[in-house]
Visitor: 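I'd like to ask you about the structure that follows.
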Amino acid sequence: MINITLKDGSVRRYESGTSLLEMAFDISPRLAKETLVAKVNGRLVDLNTKLNGDAEVEFLTFDSEEGREAFRHSASHVMAQAVQRLFPGTKLAIGPAIADGFYYDFDSPHKFTPEEMEKIETEMNKIIKEDLPFTRVELSRDEALKNFGNRQEQYKVELVEDLPGDVVISCYRQGDFEDLCAGPHVPSTGRLKAVKLLNLAGAYWRGDERNKMLQRIYGTAFPKKAHLEEHLHRLEEAKRRDHRKLGVELDLFSIQEEGPGFPFFHPKGMILRNELLNFWREEHKKRGYDEISTPVILNRVLWERSGHWDHYRENMYYTKIDETDYAVKPMNCPGGMLVYKGRLHSYRELPIRMAELGLVHRHELSGTLHGLMRVRCFTQDDAHIYMLPSQIRDEIIGVIDLVDYFYKKFGFEYHVELSTKPEKAMGSDEIWEQATNALQEALESKGMAYKINAGDGAFYGPKIDFHLKDCLGRTWQCGTIQLDFQMPELFDLTYVGEDNQKHRPVMIHRVVFGSIERFIGILTEHFAGAFPAWLAPVQVKVMPITDRQLEYAEKVFRELDALGIRAELDARNEKVNYKIREAQAQKIPYMLVIGDREAAAGTVAVRHRGRGDLGAVELGRFTDEIVKEIKDRENSLACEH
RNA sequence: GCCGACGUGGCUCAGGGGUAGAGCAGCGCACUCGUAAUGCGCAGGUCGUCGGUUCAAAUCCGACCGUCGGCUCCA
């Protein structure tokens, strides 16, 4: 007999050789039905694993991350099986579980069409109905190579060849399908219940553009049909929050064929943008930043000196002025350096925090453009901090705190990554290590969780990146802090120290919003267009019910306007219902309905876009409250619209 | 840039070899109305661009441009 300790600490005794699934069934038939994989002494395994000794066991259902992953991963195997049944000769690349589903990359002479996704789905449902057990087979490297070689699965052969020497090589079979896989998997295909294939895309083998482009099919899977429906419904909802759609509906911005990736901001978008910048300027002034502005076009010599000419060439735009080469700035730093160099600096001045709302242009690949999120020109809320080596830690922490303050203000959740030295980099390994350590120490002293993003630093230094989510859960880098020992060297930046000698300052590049454009995109999706009053392009809509109240409504409007409230008067000869509907669609925070009663009493009937009819109040009371709400930059809830 | 799909009035979409259709928005008229669409009328499109096939192309074919979903890249 063996002793099995469960998650709750209870101990059960089973005969040696009992499988996990049998144990789950013994605990409760329902658990046996819902559990997908198990953790034995902390290691993930299949449920048909038989135990021969004492162990700590945790059963994992779809509610756990590991359970979901095994579930979706199993679905990807079923999809691969379906594809190979329907399209013999299709080669398998990789097929992992991802955040909300799974994908599989295929290499096939046949080009899959969207219509065929349904066929594949039907075949998958057949396989699910067949309820084929997933069985694990461990094999030696040679056996694995021979096996996949015989099946002409060259991608699998390549994967096996690259596996480290000490790893156990395993395959999973269901029916006549076999795939190289570490596992674990759910017990059988019948567990999958609800699968849906979502889209079709190209993807390079191993993510390298020099490799062959494969065909990737994305899908998702749930243990219950209702959950799948719910998920698909959520995706539909998310589309309604898409900033590209809301950008048109709310008339914030547009992108024209004449300038792909170069957004146009409309009057309402500019109000939003300027409010963000007002907030930004106030907060930066408080924190000791000065603001500068540097030119968009600068001489080639500058870009050669900064390293951009060598390391960033393919992302830049060029022009000639009087037979001399110039480039459009892709970054603000070189211009900023020139301002610093303009005069001598004493150690007493440091740190110098020099901010710039700089418009940069970058040649991004056409296929990557995406609304305001990825564009070819954008405004960075940049700043360069020049400092003594002894000030590095505090300055980095100061920026981390600033970013945190900004994101919390809008109610954003974010995650942090530390990006290290890329292949194409300037400077010695020692300097990179020193800079990377400084960033790491700052993160650790703040107790922040972060993920290492190896090889993703800027060419001149490592960086801390702050990532925000869009409506579909895709993440976008916004804030970043980059520690740079290169530029001060290249530009021969100095300060005069206590010893009256020249010394090299260290510098930080940092942005908080990242790109104003991208931030507005994220903000739009976060609030689903229902911006808090301080950001809303129109804050109040005044709507007389008939033209009898027009005179009083105009008076109300003038009063709001005089207080600096962004108000509009809807004097059109339309029903209130119609006016309200339109104002709601425009997500205007406050509507003031003005009828005979209000005109007589000097009140306004307040309707809030999220809270509905709030009843009549004295005009003065309403203005006092909204003025305070705007001044304090109060955040309404994102769910309100 | 690469793979795939798509491109019809301001927006959402129908049509699909014989020279364009709806709803919403816009404009005009009537209705004077109490918390998400009043009715009637009018106007608006060389069907992304260029080329080809055809007696005839929005429709079929090709190239290009743009958009969307990914890959790659990045704020």
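Naming: A, B, ... by sequence-line order, numbering from 1 per chain.
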Visitor: Taking only the C1' atom of each, what is the distance from B:G9 to B:U46 in whole angstrom?
Guide: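 Going atom to atom, C1' in each nucleotide, I get 13 Å.
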Visitor: Pick the C1' atom in B:A20 and in B:A56, then give their distance to the nearest Å.
Guide: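 Pairwise C1' distance, B:A20 against B:A56, rounds to 16 Å.
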Visitor: Give the table of side-chain donor-acceptor pairs shorter than 3.5 Å for residues 266-273 of chain A, with sequence neighbours excluded, one pair per line with atom names and distance.
Guide:
| from | atom 1 | to | atom 2 | distance (Å) |
| --- | --- | --- | --- | --- |
| A:His266 | ND1 | A:Asp251 | OD1 | 2.7 |
| A:His266 | NE2 | A:Ser254 | OG | 2.8 |
| A:Arg273 | NH1 | A:Glu517 | OE2 | 3.1 |
| A:Arg273 | NH2 | A:Thr379 | OG1 | 2.9 |

Visitor: Measuring only the C1' atom in each nucleotide, how far is B:U19 from B:A58? A whole number of Å is fine.
Guide: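 My reading of the C1' atoms in B:U19 and B:A58 gives 10 Å.
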Visitor: Are A:Glu525 and A:His243 linked by a side-chain donor-acceptor pair shorter than 3.5 Å?
Guide: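 Checked: A:Glu525/A:His243 side chains pair up, N/O donor to acceptor below 3.5 Å.
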Visitor: Only counting residues at least two apart or in another chain, list the ones meeting ring pair (Phe, Tyr, Trp, His ring centres under 6.0 Å) with A:Trp476.
Guide: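 A:Trp476 satisfies ring pair (Phe, Tyr, Trp, His ring centres under 6.0 Å) with A:His370 only.
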Visitor: Would you kindly say whether A:Arg609 and A:Gln586 are connected by a side-chain donor-acceptor distance under 3.5 Å?
Guide: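 On atom types as modelled, these side chains do not qualify, holding no pair under 3.5 Å.
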Visitor: Looking only at side chains, do A:Ser419 and A:Asp465 share a donor and an acceptor under 3.5 Å apart?
Guide: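 There is such a pair (donor and acceptor under 3.5 Å, judged by atom type) between the side chains of A:Ser419 and A:Asp465.
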Visitor: Quick one: label A:Ala605 by what it contacts on the DNA or RNA (base, sugar-phosphate, nothing), any heavy atom closer than 4.0 Å.
Guide: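 Base contact.
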Visitor: For A:Phe406, run the side chain to side chain contact (heavy atoms under 4.5 Å, CB included) check against A:Val403, A:Asp404, A:Leu402 and tell me which one passes.
Guide: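 Only match with A:Phe406 under side chain to side chain contact (heavy atoms under 4.5 Å, CB included): A:Leu402.
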Visitor: Using 30° and 60° as the class boundaries, would you call the ring planes of A:Phe410 and A:Phe279 parallel, tilted or perpendicular?
Guide: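 Geometry flag for A:Phe279 against A:Phe410: perpendicular rings.
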Visitor: From B:U38, B:C3, B:U35, pick the nucleotide closest to the side chain of A:Asp613?
Guide: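 Closest of the options to the side chain of A:Asp613: B:U35.
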Visitor: Which whole number of Å gives the distance between the P atom of B:U53 and that of B:U59?
Guide: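 Their P atoms lie roughly 15 Å apart.
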Visitor: Is it the case that the side chain of A:His526 and the backbone of A:Ile522 share a donor-acceptor pair, with hydrogens and angles ignored and the cut-off at 3.5 Å?
Guide: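 Not at all, since once roles are kept as given, no pair shorter than 3.5 Å links the two residues.
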Visitor: Not counting sequence neighbours, which residues clear ring pair (Phe, Tyr, Trp, His ring centres under 6.0 Å) with A:Tyr317? List them please.
Guide: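 A:Tyr317 satisfies ring pair (Phe, Tyr, Trp, His ring centres under 6.0 Å) with A:His363 once adjacent residues are dropped.
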Visitor: State which residues pass side-chain hydrogen bond (donor to acceptor under 3.5 Å, both in side chains) with A:Glu413; sequence neighbours excluded, sorted by chain then number.
Guide: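 Here no residue qualifies.
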Visitor: If the condition is ring pair (Phe, Tyr, Trp, His ring centres under 6.0 Å), which residues does A:Phe102 pass it with, not counting sequence neighbours?
Guide: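 Not a single residue meets the ring pair (Phe, Tyr, Trp, His ring centres under 6.0 Å) criterion with A:Phe102.
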Visitor: Expressed as a whole number of angstroms, how long is the span from A:Asp105:CG to B:G4:C1'?
Guide: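 Going from CG in A:Asp105 over to C1' in B:G4 covers 14 Å.
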Visitor: Looking at residues at least two apart in the chain, or sitting in another chain, which of them share a salt bridge (Lys or Arg N to Asp or Glu O under 4.0 Å) with A:Glu257?
Guide: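 A:Glu257 satisfies salt bridge (Lys or Arg N to Asp or Glu O under 4.0 Å) with no other residue.
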Visitor: Between A:Tyr204 and A:Arg206, is there a side-chain donor-acceptor contact under 3.5 Å, judged purely by atom types and distance?
Guide: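 On atom types as modelled, these side chains do not qualify, holding no pair under 3.5 Å.
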Visitor: Which comes earlier along RNA chain B counting from the 5' end, the contact point of A:Gln215 or that of A:Asn577, where each point is its nearest nucleotide?
Guide: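 Final value for this comparison: A:Gln215.
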Visitor: Could you list, one pair per line, each protein nitrogen or oxygen that sits under 3.5 Å from a nitrogen or oxygen of nucleotides 43-46 of chain B, together with the distance?
Guide:
none

Visitor: What string of B, S and - do you get for nucleotides 63-75 of chain B, 5' to 3', when a contact is any protein heavy atom under 4.0 Å?
Guide: ---SSSBBBBBBB
Visitor: Donor-acceptor check, side chain of A:Gln549 to backbone of A:Thr546, threshold 3.5 angstrom: yes or no?
Guide: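 Yes, because the side chain of A:Gln549 sits within donor-acceptor range (under 3.5 Å) of the backbone of A:Thr546.
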Visitor: Could you tell me how far B:C61 sits from B:G17 if I compare only their P atoms? Round to whole Å.
Guide: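 About 11 Å, rounded to a whole number of Å.
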Visitor: Which nucleotides of nucleotides 23-29 of chain B have their base under 4.0 Å from a protein heavy atom (B), which only their sugar-phosphate (S), and which neither (-), written as one string 5' to 3'?
Guide: --SS---
Visitor: Taking A:Tyr552 for its side chain and A:Thr603 for its backbone only, find out whether a donor-acceptor pair lies under 3.5 Å.
Guide: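 Checked: pair present.
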Visitor: Taking atom P of B:G10 as reference, at what distance in whole Å does atom CG of A:Asp251 sit?
Guide: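 Atom CG in A:Asp251 sits about 14 Å away from atom P in B:G10.
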Visitor: Starting from P on B:U32, measure out to CG on A:Asp596 and report it in whole angstrom.
Guide: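 Going from A:Asp596 (CG) to B:U32 (P), I get 14 Å.
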Visitor: Measure up the A:Phe106 and A:Tyr104 rings against each other and bin them: parallel (under 30°), tilted (30 to 60°), perpendicular (over 60°).
Guide: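 If you compare the ring of A:Phe106 with that of A:Tyr104, the planes turn out parallel.
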Visitor: Would you measure the distance from the C1' atom in B:A14 across to the matching atom in B:C50 and give it in whole Å?
Guide: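 The answer is 27 Å between these two C1' atoms.
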Visitor: Mind listing the N/O atom pairs, protein and nucleotides 11-14 of chain B, below 3.5 Å?
Guide:
none

Visitor: Expressed as a whole number of Å, how far does the P atom of B:G10 sit from that of B:U49?
Guide: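 Roughly 13 Å separates the two P atoms.
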Visitor: Expressed in angstrom and rounded to an integer, what is the separation of A:Ile580 atom CD1 from B:C33 atom P?
Guide: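 It is 16 Å, rounded to the nearest whole Å.
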Visitor: Is there a donor on the side chain of A:Glu598 or the base of B:G34 sitting less than 3.5 Å from an acceptor on the other?
Guide: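 Checked by distance alone, the answer is yes.
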Visitor: Under 4.0 Å, heavy atoms only, any strand: does A:Lys579 hit a base, just the sugar-phosphate, or nothing?
Guide: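 Contact class for A:Lys579: none.
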Visitor: Quick one: list whatever passes salt bridge (Lys or Arg N to Asp or Glu O under 4.0 Å) with A:Glu69, sequence neighbours left out.
Guide: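 Residues passing salt bridge (Lys or Arg N to Asp or Glu O under 4.0 Å) with A:Glu69: none at all.
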Visitor: When the P atoms of B:A75 and B:G4 are considered, how many whole Å apart are they?
Guide: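 Here B:A75 and B:G4 have their P atoms 30 Å from each other.
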Visitor: Which stems does RNA chain B form, counting runs of 3 or more consecutive Watson-Crick or G-U wobble pairs with both distances under 3.5 Å?
Guide: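 RNA chain B forms these stems: B:1-7 with B:65-71, B:10-13 with B:21-24, B:26-30 with B:38-42, B:48-52 with B:60-64.
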